[in-house]
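Here is the structure we will look at.
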Amino acid sequence: MQKNDELILKIEDMGVDGAGIGKADGMTFFVKDAVIGDVVRAKLMKLKKTYGYARLMELLEASPDRVEPKCPYYRQCGGCQLQAVSYEKQLAFKDRKVKNNLIRIGGFAPDFVEEIMEAPVGMEHPFHYRNKAQFPVGMDKNGRLIAGFYAGRTHTIIENRDCALGVAENKIVLDIVLDFCTEKKIPAYDETTGKGLLRHVLIRKGFSTGQIMVCLILNGSSFAAEQELADRLFEKVPGMTSFSVNS
């Protein structure tokens, strides 16, 4: 068995980061985006002595717990590894993860953990519950301003202004900020060169008050059009109460 080989795996468990786990020839393989109960064709990407990492190439048999993810970017984005799993099974996975950590890391007896732990309490609507989001800003290959989230273990931005976990106002704010910066020719920060101005857009909403706070994180100490952008945000964003820039 060597790198780039392909094999058929029955996914029997999930790792702490949500990757599916299958076994073959006495070795354990971690397959991102695979779900417990899936049968997959996977390509070996990295091999260690007793385990390896494989890429999902084809879903041969779908798990009964597999669902259609709400977000079209969930595979690329580093934030929602479990969206292809039913919410009930997500809760069961998190319950098992906490128990295993208490036993393995905390040193508690399994019987004691089972006795004192209560089942996790899920949400009625498990989306749009995050009141804070920080969006990195960059440029695509055509020089267009984009915002979104980093792909897993990288600083490559996956463009997404309307995250399924965030509030609806996030997209309104990002549309205004990016359109404004495009209009004023304000460049995004480039990590490779250290040049450019706009690094992140931080948005926070108070669920009890409806108030919106927007903060721009800059690569520098000044933003010449600050007041003009602030006026546009206050005019067009419902609940807008605070705007600031920080270096």
Do the ring planes of [X] and [Y] sit parallel (below 30°), tilted (30 to 60°) or perpendicular (above 60°)?
X: Phe112; Y: Phe108; answer: parallel
X: Phe149; Y: Phe135; answer: tilted
X: Tyr150; Y: His155; answer: parallel

Tell me whether [X] is salt-bridged to [Y], with the criterion being a basic N under 4.0 Å from an acidic carboxylate O.
X: Asp17; Y: Lys97; answer: no
X: Lys195; Y: Asp190; answer: no
X: Lys205; Y: Glu169; answer: yes
X: Asp33; Y: Arg66; answer: no

Is there a side-chain contact between [X] and [Y] in this structure, where contact means two heavy atoms from C-beta onward sitting under 4.5 Å apart?
X: Phe29; Y: Tyr51; result: no
X: Asp65; Y: Lys89; result: yes
X: Ile105; Y: Leu102; result: no
X: Asn131; Y: Arg204; result: yes
X: Ile212; Y: Ile203; result: yes
X: Val35; Y: Leu82; result: no
X: Lys94; Y: Pro120; result: no
X: Ile176; Y: Val237; result: yes

Do side-chain atoms of [X] reach the backbone of [Y] as a donor and acceptor pair under 3.5 angstrom?
X: Glu68; Y: Ala84; value: no
X: Asp38; Y: Ser63; value: yes
X: Tyr87; Y: Glu124; value: no
X: Asn219; Y: Gly194; value: yes
X: Ser222; Y: Ala224; value: no
X: Glu61; Y: Val40; value: no

Rounded distance [0.5 Å steps], [atom1] in [X] versus [atom2] in [Y]:
X: Ile146; Y: Lys141; atom1: CD1; atom2: NZ; value: 11.5 Å
X: Met45; Y: Asp5; atom1: CE; atom2: CG; value: 12.0 Å
X: Leu198; Y: Phe223; atom1: CG; atom2: CZ; value: 7.0 Å
X: Ile21; Y: Glu12; atom1: CD1; atom2: CD; value: 9.5 Å
X: Phe127; Y: Cys163; atom1: CZ; atom2: SG; value: 10.0 Å
X: Asn246; Y: Cys215; atom1: CG; atom2: SG; value: 4.0 Å

Which heavy atom in [X] sits nearest to a heavy atom in [Y], and how many Å separate them?
X: Leu7; Y: Ala24; value: CD1-CB, 3.5 Å
X: Phe93; Y: Gly15; value: CZ-O, 3.1 Å
X: Ala225; Y: Phe180; value: CB-CZ, 3.5 Å
X: Ala147; Y: Val137; value: CB-CG2, 4.3 Å
X: Ile157; Y: Gly138; value: CD1-N, 3.5 Å
X: Cys181; Y: Leu145; value: CB-CD1, 3.5 Å

Is there a path of hydrophobic side-chain contacts, each under 4.5 Å between heavy atoms of I/L/V/M/F/W/Y residues, joining [Y] to [X]?
X: Tyr74; Y: Leu59; answer: no
X: Phe243; Y: Val173; answer: yes
X: Met57; Y: Ile11; answer: no
X: Val39; Y: Val67; answer: no
X: Leu165; Y: Leu91; answer: yes

Worksheet entry | Flag if over 12 foreign heavy atoms under 6.0 Å of CG, Asp25 | no
More than 12 heavy atoms from other groups under 6.0 Å of NZ on Lys99: yes
Q | Test log, rule side chain to side chain contact (heavy atoms under 4.5 Å, CB included), inputs Leu44 and Lys3 | A | CA-CA 5 Å; Leu44 303 184; Lys3 183 179 177 181; 5.5 Å; no
Test salt bridge (Lys or Arg N to Asp or Glu O under 4.0 Å) applied to Arg96 and Asp13, step by step
CA-CA 11 Å; Arg96 188 170 67 251; Asp13 201 353; 3.5 Å; yes
Exercise. Is there a side chain to side chain contact (heavy atoms under 4.5 Å, CB included) between Thr50 and Thr28 once you walk through the steps?
Worked result: CA-CA 7 Å; Thr50 59; Thr28 298; over 6 Å; no
Residues passing the salt bridge (charged side-chain N to carboxylate O under 4.0 Å, His left out) test with Arg144, sequence neighbours excluded, are Asp140, Glu159
inquiry  = I'd like to know whether Glu226 forms a side chain to side chain contact (heavy atoms under 4.5 Å, CB included) with Glu228, so could you lay out the CA-CA distance, the side-chain angles of the two residues, the decisive distance to 0.1 Å, and finally the verdict.
reply    = CA-CA 6 Å; Glu226 177 181 344; Glu228 188 177 349; over 6 Å; no
Exactly one candidate in Lys43, Arg55, Arg41 meets salt bridge (Lys or Arg N to Asp or Glu O under 4.0 Å) with Glu6; the answer is Arg41
Derivation of the side chain to side chain contact (heavy atoms under 4.5 Å, CB included) call for Gln211 and Ser242: CA-CA 8 Å; Gln211 296 177 334; Ser242 173; over 6 Å; no
